[in-house]
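The next block holds one structure in the form of structure tokens; read it before the comments.
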Amino acid sequence: MDTTTLWLTAAAAAALVLAATAAVLLVRVVRARRMLLDAGVPLRDKALFWVAVVYTVSPVDLIPDPVYLDDIGVLLFALRSLRAAADAVRREPAAKEPEAV
């Protein structure tokens with residue numbers, strides 16, 4: 001196997017891994033819409049999510065477009081922040097309930 005074939009195979013494998021990661025993130029983004037509609041989630045976390053989506057589809061990137069690592073990182077950060085805010089809202093009412101004696 002010559003070096004050109006080896007590099008093309010490695011590039012194709014990397015592209016497949018990045019495409020699979022992007023597909024997983026797309027599914028998480030679709031599921032996140034439920035959290036975006038929740039009134040208890042702070043506006044800051046909702047706005048961070050939309051900023052991440054705009055950054056992902058914008059042509060301006062920190063790393064050139066064939067490598068989507070910066071887009072994936074920004075989306076993961078926004079999704080984790082949104083999920084943490086939604087989990088905090090879900091746990092909050094349970095903490096306010098009085099304990100049964």
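As the structure is a computational prediction, the values presented were derived from the model and not from experiment. Quick note: numbers below take in every heavy atom, side chains included, and nothing from hydrogens, waters or symmetry partners.
A side chain to side chain donor-acceptor pair (under 3.5 Å) check over residues 72-89, counting only residues at least two apart or in different chains, returns the pairs Asp45-Ser81, Asp87-Arg90.
One finds the CG atom of Leu8 at 6.5 Å from the OG1 atom of Thr5 (value rounded to the nearest 0.5 Å).
Cluster membership for Val41 and Val53, using ILVMFWY side-chain heavy atoms within less than 4.5 angstrom, is shared. Residues Leu82 and Val24 do not share a hydrophobic cluster, clusters being chains of Ile/Leu/Val/Met/Phe/Trp/Tyr side chains in contact below 4.5 Å.
Annotation: side chain to side chain contact (heavy atoms under 4.5 Å, CB included) contacts of Leu79 (sequence neighbours excluded): Leu25, Arg28, Val29, Ala32, Phe49.
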